Q: 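Okay, here's the structure, questions in a sec.
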Amino acid sequence: MKSIYKIILFAALLAGTSVFAQQDPNYTFYRYNMNLINPAFAGADETTRLGANVRSQWANIEGAPETQSLVFGIPMGKNVGLGASIINDKTFIERQTSLAIDFSYKLKLNDTHDIYFGLKAGFNSYDANTQGLVTYGIQQDPNLMNIDGRFNPNVGAGAYLKSDSYFISFSIPRVLTPDRLEQNDGLARLGMDRVHMYLAGGYDFPVGGSVLLRSTALFRYVNASPLSMDLTALLDFNEKFGFGAAYRLNESLSGLFTFSALGFLEIGYAYEMAFERPVKNIDNGTHEIMLNLKL
């Protein structure tokens with residue numbers, strides 16, 4: 001029965017969008033592990049941080065999108081930060097794993113503002129089992145063979161402006177565009193990855209006592225795709241626990257919760273509901289879990 005649901009869901013997605021050559025994964029908790037998209041964030045919080053994030057979309061559909069990520073950041077001396085990230089992403093017949101090293105350098109603008117510049121270098125492995133297209137009734141270019149998981153190098157860059165109450169971030173985490181599968185008019189063929197540009201900002205508003213309203217916005221631009229915008233608002237109580245909501249323009253609404261304990265542990269959970277469900281009564285929404293350790 002699950003395989004039947006899987007085929008129906010895939011067909012519904014193809015009716016409205018191209019599954020292949022999709023954008024990089026979305027993250028509800030992007031503010032907490034930002035060096036996934038911006039290398040300048042490595043070491044910017046002036047503490048050693050180890051973070052993990054798991055995102056499961058359409059939870060009860062076999063082969064639906066899943067993303068696991070692991071990030072690490074550490075300040076090295078007065079102005080230098082180092083970091084690393086691993087992202088494993090799979091969607092139906094596509095699998096992609098990336099590994100990157102981050103370097104950041106801090107310039108102190110004044111007593112309240114610092115700006116960080118970052119570089120990212122790494123590689124990714126991309127695999128697409130084109131034989132699986134038969135399951136979904138998708139034709140393939142006769143010259144297209146399985147994309148066999150070859151490694152592709154990549155580089156990225158970013159900048160991060162930080163003060164006590166707000167931040168601004170701009171980044172292009174991957175500049176190069178290696179080959180990958182894309183679908184057009186029902187035909188799968190070899191295409192190219194697309195450059196992603198991220199602009200983010202956040203401001204913490206004092207509400208009263210030890211309560212803060214943490215507001216964040218993220219804009220993502222990908223060539224030939226609609227502009228993506230995420231808006232998040234979270235009430236933080238004494239940096240112990242928080243709850244809030246996130247809105248992705250024309251796509252989804254999320255509820256999120258964070259909890260801090262022992263002075264070094266931070267846990268977050270988000271549940272995302274899409275505005276349009278590809279298959280009624282099958283889609284169980286998207287779950288995202290975050291775990292951060294301050295070492």
Side-chain angles (χ1 to χ4, degrees), residues 26-55 69-76 78-79 81-85 102 104 106 108-116 118 158-169 171 198-218 230-248 253-272 287-295:
N26 293 307
Y27 299 99
T28 302
F29 290 110
Y30 55 86
R31 176 170 179 169
Y32 298 86
N33 292 313
M34 192 167 285
N35 58 312
L36 286 170
I37 59 174
N38 189 349
F41 187 74
D45 54 359
E46 300 179 354
T47 185
T48 302
R49 179 186 291 266
L50 177 65
N53 190 286
V54 177
R55 181 178 173 87
S69 60
L70 184 68
V71 294
F72 175 76
I74 181 173
M76 301 291 291
K78 192 173 182 180
N79 298 315
L82 295 177
S85 62
D102 300 324
S104 71
K106 180 178 76 172
K108 192 165 189 63
L109 300 180
N110 52 44
D111 292 339
T112 58
H113 291 79
D114 298 320
I115 187 168
Y116 298 77
Y160 182 77
L161 176 67
K162 174 187 174 184
S163 77
D164 292 337
S165 58
Y166 72 90
F167 74 90
I168 300 173
S169 167
S171 62
Y198 295 88
L199 175 64
Y203 195 96
D204 296 338
F205 297 90
V207 176
S210 58
V211 181
L212 289 176
L213 174 61
R214 300 190 183 275
S215 61
T216 317
L218 173 69
D230 286 51
L231 301 175
T232 306
L234 183 137
L235 282 173
D236 185 287
F237 296 85
N238 199 30
E239 298 186 349
K240 297 296 183 182
F241 69 93
F243 62 89
Y247 168 72
R248 183 168 299 120
L253 182 67
S254 305
L256 56 151
F257 172 82
T258 62
F259 176 75
S260 299
L262 306 175
F264 65 87
L265 175 64
E266 186 175 41
I267 300 172
Y269 171 76
Y271 179 78
E272 181 178 308
H287 304 270
E288 185 170 329
I289 298 173
M290 174 199 70
L291 175 65
N292 280 338
L293 298 176
K294 297 180 180 180
L295 307 176

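For the single chain, residues carry numbers from 1 onward in sequence order. Only a predicted model underlies this, so the values are computations on that prediction, with no experimental measurement involved.
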Q: Take a 6.0 Å sphere around CZ of Phe257 and say whether it holds more than 12 heavy atoms from other residues, nucleotides or ligands.
A: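 More than 12 within 6.0 Å, yes.
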Q: How long is the straight-line distance from OG1 of Thr216 back to CZ of Phe167, given to the nearest 0.5 Å?
A: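 So the gap between those two atoms works out to 5.0 Å.
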Q: Taking Glu288 for its side chain and Arg55 for its backbone only, find out whether a donor-acceptor pair lies under 3.5 Å.
A: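 Answer holds: no.
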Q: Atom OH in Tyr271, atom OG in Ser254: separation rounded to 0.5 Å?
A: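 OG of Ser254 is found 10.0 Å from OH of Tyr271.
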Q: Using a strict cut-off of less than 4.0 Å between a Lys/Arg side-chain nitrogen and an Asp/Glu carboxylate oxygen, indicate whether Arg31 and Asp204 qualify as a salt bridge.
A: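 A salt bridge is present here (some side-chain N lies under 4.0 Å from a carboxylate O).
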Q: Looking only at heavy atoms, which two atoms of Ala84 and Asp102 are closest? And how far apart?
A: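 Of all heavy-atom pairs spanning Ala84 and Asp102, the closest is N-OD2, 4.3 Å.
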Q: Measuring from Phe72:CZ to Leu295:CG, what's the distance to the nearest 0.5 Å?
A: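 Spacing of CZ (Phe72) from CG (Leu295) equals 7.0 Å.
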Q: Could you measure the distance from the CD1 atom of Ile37 to the OH atom of Tyr27? Nearest 0.5 Å is fine.
A: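 Between atom CD1 of Ile37 and atom OH of Tyr27 there are 9.0 Å.
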Q: Sequence neighbours excluded, which residues qualify as salt bridge (charged side-chain N to carboxylate O under 4.0 Å, His left out) partners of Asp236?
A: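 Arg214.
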Q: Should we say atom OH of Tyr247 is surrounded by more than 12 heavy atoms from elsewhere, each under 6.0 Å from it?
A: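 Counting neighbours around OH of Tyr247, more than 12 heavy atoms of other residues, nucleotides or ligands fall under 6.0 Å, so yes.
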Q: Would you say the side-chain atoms of Asn35 pair up with the backbone N or O of Asn38, donor to acceptor, closer than 3.5 Å?
A: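 No; judged by distance alone, with no hydrogens or angles, the pair does not exist.
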Q: Go through the steps to decide whether Leu256 and Phe243 satisfy the test side chain to side chain contact (heavy atoms under 4.5 Å, CB included), and finish with yes or no.
A: CA-CA 6 Å; Leu256 56 151; Phe243 62 89; over 6 Å; no
Q: Side chains of residues 41-51: which donor-acceptor partners sit under 3.5 Å, not counting sequence neighbours?
A:
{"unit_1": "Asp45", "atom_1": "OD2", "unit_2": "Arg49", "atom_2": "NE", "d": "2.6"}
{"unit_1": "Asp45", "atom_1": "OD2", "unit_2": "Arg49", "atom_2": "NH2", "d": "3.0"}

Q: First locate atom CD of Glu266, then atom CG of Leu293, and finally report the distance between them rounded to the nearest 0.5 Å.
A: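 CG of Leu293 is found 10.0 Å from CD of Glu266.
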Q: Donor-acceptor pair, distance only, cut-off 3.5 Å: does the side chain of Ser260 make one with the backbone of Phe241?
A: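 The answer is no, because no donor-acceptor pair under 3.5 Å joins these two groups.
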Q: Of Thr232, Asp230, Leu231, which is the lone residue that meets side chain to side chain contact (heavy atoms under 4.5 Å, CB included) with Leu218?
A: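 It is Asp230, the one option of Thr232, Asp230, Leu231 that forms the side chain to side chain contact (heavy atoms under 4.5 Å, CB included) with Leu218.
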Q: Roughly how far apart are Leu265 CG and Ile267 CD1, rounded to 0.5 Å?
A: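 Answer rounded to 0.5 Å: 4.5 Å.
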Q: If we check salt bridge (charged side-chain N to carboxylate O under 4.0 Å, His left out) with Asp114, which of these qualifies: Lys162, Lys78, Lys108?
A: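 With Asp114 as partner, salt bridge (charged side-chain N to carboxylate O under 4.0 Å, His left out) holds for just one option, Lys108.
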Q: Is the backbone N or O of Lys240 less than 3.5 Å from a side-chain atom of Asn238, with the two atoms forming a donor-acceptor pair by type?
A: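 Such a contact is absent between Asn238 side chain and Lys240 backbone.
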Q: Can you check whether Val211 reaches Leu235 side chain to side chain, under 4.5 Å on heavy atoms?
A: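 SC-SC contact between Val211 and Leu235 confirmed.
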Q: Does Met34 form a side chain to side chain contact (heavy atoms under 4.5 Å, CB included) with Tyr198? I'd like the steps, not just the answer.
A: CA-CA 11 Å; Met34 192 167 285; Tyr198 295 88; over 6 Å; no
Q: Does the ring center of Tyr203 lie less than 6.0 Å from the ring center of Phe205?
A: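 Yes, the ring of Tyr203 comes within the 6.0 Å limit of the ring of Phe205, centre to centre.
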Q: If you count the non-hydrogen atoms of other residues, nucleotides and ligands that lie under 6.0 Å from CG in Asn110, is the total more than 12?
A: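 Yes, because the 6.0 Å sphere around CG of Asn110 holds more than 12 heavy atoms from other groups.
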Q: For Tyr116 and Ser104, which heavy atoms make the closest approach, and how far apart are they?
A: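 Looking at all heavy atoms of both residues, the shortest contact is CD2-OG, 4.5 Å.
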Q: Can you find a heavy atom in the side chain of Leu70 that is under 4.5 Å from one in the side chain of Ser85?
A: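 A side-chain contact is absent here, since even the closest heavy-atom pair is not under 4.5 Å.
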Q: Please test Tyr32 against Thr258 for side chain to side chain contact (heavy atoms under 4.5 Å, CB included), starting from the C-alpha separation and ending with a verdict.
A: CA-CA 11 Å; Tyr32 298 86; Thr258 62; 3.9 Å; yes
Q: Find out whether Leu36 and Tyr30 are in side-chain contact, i.e. whether some heavy atom of one side chain is under 4.5 Å from a heavy atom of the other.
A: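 Of all side-chain heavy-atom pairs linking Tyr30 with Leu36, none is under 4.5 Å.
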Q: Which atom pair, heavy atoms only, marks the closest approach of Pro39 to Gly158?
A: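 Closest approach of Pro39 to Gly158, heavy atoms only: CG-N, 3.9 Å.
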